[in-house]
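To find a chain, count down the sequence lines: A is the first, B the second, and so on, and within it residues start at 1.
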Number of protein chains: 2
Amino acid sequence: MTPAAPTPIEDLLAAPLGLRERKKLKTRRAIRAAAFRLFTEQGYDGTTVDQIADAAEVSPSTFFRYFPTKEDLVVGDEYDPVMEAALRARPAGEPVLESMRQSFLPALRQIVTAEPEEMLLRMRLMQENAVIRARSAAEMIRTVDLLAGILSDRTGEPRDSLELRAVVAAVTAACGQAVEHWAQHGGSEDVVTLVERSLDAVAAAFSA
Amino acid sequence: MTPAAPTPIEDLLAAPLGLRERKKLKTRRAIRAAAFRLFTEQGYDGTTVDQIADAAEVSPSTFFRYFPTKEDLVVGDEYDPVMEAALRARPAGEPVLESMRQSFLPALRQIVTAEPEEMLLRMRLMQENAVIRARSAAEMIRTVDLLAGILSDRTGEPRDSLELRAVVAAVTAACGQAVEHWAQHGGSEDVVTLVERSLDAVAAAFSA
DNA sequence: CATCAATCCGAGAGTTACTGTCATAAGACG
DNA sequence: CGTCTTATGACAGTAACTCTCGGATTGATG
């Protein structure tokens, strides 16, 4: 395209994504898009990996190179790093509950506003399909492990502190219920408000 | 065996388990016993259903008649009815937290004292195997649904009350962490104490 | 005791998710 | 342009299920 003269500025701009990387990202998106379309048309169980691969114009082998399992199309734990960063950014002396609240809320807001229809589809699949539900629940366990690890590092508590893990698990579960409620009402309510309601309810139940 | 004279008393006593039912229970136990033995020897993933069926001297077809999936050998939700009964027996006006505590504790104590080694194996498999972990987590969701349903019926709240579900989920998660802690320490500590510690920690975190 | 209906079981074929290997084609790079 | 790396596709294979069907076992009845 451009003459042979090297253009470092353009290189730097293009560097984050070489042609190869761009193509990979594109096929990854194509696979997921084809899958979600087929899922809405035929349901999750009614759609085979071969069909998805056909629709995305890749071979089944390639499908499994991009998504190790069919479930991974739906679950996706790409939000954990966001919450991890947010949690690490909280001040050291802050109470655990407040740190978690301030980490969950921005992450949730971002997810819900960025791609609400995809999130709704995911939650719908989670309700309908036992396998997806199970995997999502397992992801929540992963999240609890992650957050408890970060917090224990920060406070110097042992990594398997029952007390810390209990708090993290309880808060995460309450927030999860808020998200589920959000999804079951079609995403019309404000997630932040729902999370606050959840946490307030837990506080009320435990302070009585 | 006995003379032809009809013996209604014996009939009534034998009624709960006819020959057929007894046989079914026996093969069910045989399958599970064989499976657990093979699991400890070769691991969960290293054991095929065919091997289990062979060891239990049944056909693979029969295996799937008794256990719809291989995971069902391990997860088993036979404790939900116990908790359900306990929860329904609680007085109507009691706070949710107290009702749950008084329902969880006896059930847990029973599970842990009745067959501790089996429970430990289950928890160990849950740690090691992602599929089992996911299924167990899904069972916890089922439990939350069940308990929230019972409690909402009792208090007249709507069945999908976010507040109620958040509290139930938080308490269940905290208790789950207690059980996990119990298992990770080889079952040497007292479950009841661990549950109390968990719930106290949540209370402390939310009352600050 | 004989029989009949319900139910349980085993055999076999088929589907699907996933794994591993290998040859080939397409980008990266000097 | 040549080479080297890497992505891809074709293929074979495994394991967890699902479905169906004929035969055996059980439990009730005449």
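Between A:Gln51 atom CD and C:dT16 atom P there is a gap of 8 Å when expressed in whole angstrom units. Rounded to whole Å, the distance from CZ on B:Phe67 to P on D:dA16 is 15 Å. Between the CZ atom of B:Phe63 and the C1' atom of D:dA15 there is a distance of 12 Å, rounded to whole Å. The distance between atom CD of B:Glu71 and atom P of D:dC17, rounded to the nearest whole Å, is 6 Å. If you take CD1 of A:Ile52 and P of C:dT16, they are 12 Å apart, rounded to a whole angstrom. Atom CG of A:Asp45 and atom P of C:dT15 are 17 Å apart (whole Å). D:dC11 atom P lies 13 Å from atom CG of A:Asp50, rounded to whole Å. Between the P atom of D:dC17 and the NZ atom of B:Lys70 lies a distance of 8 Å, rounded to the nearest Å.
For B:Phe64, the listed nucleotide lying nearest its side chain is D:dA16; candidates were C:dC8, D:dA16, C:dA28. Side-chain atoms of A:Thr27 lie closest to D:dT8 of the nucleotides D:dT5, C:dC18, D:dT8. Minimum atom distance to the side chain of B:Ser59 is reached by C:dA11, of the listed C:dA11, D:dG9, D:dT26. Checking C:dA28, C:dG12, D:dG9 against every side-chain atom of B:Ser61, the shortest atom distance belongs to C:dG12. Which of C:dC22, D:dT6, C:dC9 sits closest to the side chain of B:Arg65 comes down to C:dC9.
No contact: A:Pro60 has no heavy atom under 4.0 Å from any strand.
Looking only at side-chain heavy atoms (C-beta outward), A:Glu128 and A:Leu125 come within less than 4.5 Å of each other.
Of the side-chain N and O atoms in A:Lys24, one or more sit less than 4.0 angstrom from OP1 or OP2 of D:dA7. Distances shorter than 4.0 Å separate some side-chain N or O of A:Lys23 from OP1 or OP2 on C:dG27. The shortest distance between the side-chain N/O atoms of A:Tyr66 and the OP1/OP2 oxygens of D:dT8 is below 4.0 Å.
Ring orientation note: the planes of B:Tyr44 and B:Phe39 are tilted relative to one another, at an angle of 30° to 60°.
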Output, in order, the C-alpha distance, side-chain angles, deciding distance and verdict of side chain to side chain donor-acceptor pair (under 3.5 Å) for B:Arg122 and B:Ser136. CA-CA 10 Å; B:Arg122 287 185 182 194; B:Ser136 303; over 6 Å; no
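Around CD of B:Glu57, the count of heavy atoms belonging to other residues, nucleotides or ligands within 6.0 Å does not exceed 12.
Nearest heavy-atom pair, B:Val195 versus B:Cys175, reported as atom, atom and distance to 0.1 Å: CG1-SG, 3.9 Å.
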